[in-house]
Amino acid sequence: AQSVSQHNHHVILSEAASLELGCNYSYGGTVNLFWYVQYPGQHLQLLLKYFSGDPLVKGIKGFEAEFIKSKFSFNLRKPSVQWSDTAEYFCAVAPHTGGFKTIFGAGTRLFVKA
Amino acid sequence: NAGVTQTPKFQVLKTGQSMTLQCAQDMNHEYMSWYRQDPGMGLRLIHYSVGAGITDQGEVPNGYNVSRSTTEDFPLRLLSAAPSQTSVYFCASSYTTGGLAGANVLTFGAGSRLTVL
């Protein structure tokens, strides 16, 4: 069965600090990986995704994530956060082929102090 | 293009009542799903569908029922509401590329906040 573990439930940073949110998954096959973000009062939306190819993927607003297959990890990074990055971040895993079920982690609430 | 539309946005029920959360999408997506979001637990998959007439259980299906009679609509029914079903419910959809295709990017609705007293 698929599962996702996000290491930090709450993170507080000052503006310009660097961000790394951990995500590990469990799945017995090739995966598609996603980071979604939920800004206050807004819909969940895609931040970035990995399906295949270069394991370092870039998303919107300067975010990037690295897929490390040997560690079953897909950590999210941003070199310098802004107050507007305050949001909840969700890692998700789904089958690469033969299925569509997408399983989410528990989420990480990020608060960026101005 | 409305995307994924959920109704109602807010609902209060008494224990034992039944109700249906509606979800409609206008993007001709084959895949539709329902999640519930609870503090500290992220989004948990309730039920999903890969096309009209095809549904399957997710991680937390008990107490919920779904059907998919059209591509556009995927209603979620609470058969006998319990306080443990107090949550925010999200409907999400995505297109598929057929065959052995895998999961794609989900488009989410705005959510339905349900309180069961």
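Order of the sequence lines sets the chain letters (A, B, ...), proteins ahead of strands, with each chain counted from 1. Both backbone and side-chain heavy atoms feed into the values below; hydrogens, waters and symmetry mates do not.
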[Y] and [X], any side-chain heavy atoms less than 4.5 Å apart:
| X | Y | value |
| --- | --- | --- |
| B:S93 | B:M27 | yes |
| A:K101 | A:Q2 | yes |
| B:Q37 | B:F90 | yes |

Are the side chain of B:T15 and the backbone N or O of B:L117 linked by a donor-acceptor pair below 3.5 Å?
yes
Listed by residue number, which members of residues 43-60 of chain A have a heavy atom under 4.5 Å from any heavy atom of chain B?
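Within residues 43-60 of chain A, the residues that come under 4.5 Å of chain B (heavy atoms only) are A:H43, A:L44, A:L46, A:K49, A:F51.
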Walk me through it: do A:H96 and A:T30 pass the test side chain to side chain donor-acceptor pair (under 3.5 Å)?
CA-CA 5 Å; A:H96 182 67; A:T30 307; over 6 Å; no
At what distance, to the nearest 0.5 angstrom, does SG of B:C91 lie from OH of B:Y35?
10.5 Å
Would you kindly say whether B:T86 and B:R113 are connected by a side-chain donor-acceptor distance under 3.5 Å?
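Their side chains do not contain a donor-acceptor pair, so the 3.5 Å distance test is not met.
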Assess, by modelled atom type and distance only, whether the side chains of A:N75 and A:H7 contain a donor and an acceptor separated by less than 3.5 Å.
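A:N75 vs A:H7: no donor-acceptor pair found between side chains.
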Evaluate side-chain contact (heavy atoms from CB on, under 4.5 Å) for A:V11 paired with A:R109, printing each intermediate quantity in order.
CA-CA 6 Å; A:V11 174; A:R109 283 188 182 273; over 6 Å; no
Under 4.5 Å from any heavy atom of chain B - which part of A:Q38:
side chain
Do the two ring centres, one from A:Y36 and one from A:Y89, sit under 6.0 Å apart?
no
Contacts with chain A made by residues 38-52 of chain B (heavy-atom distance under 4.5 Å), listed by residue number:
B:G40, B:M41, B:G42, B:L43, B:L45, B:Y48, B:V50
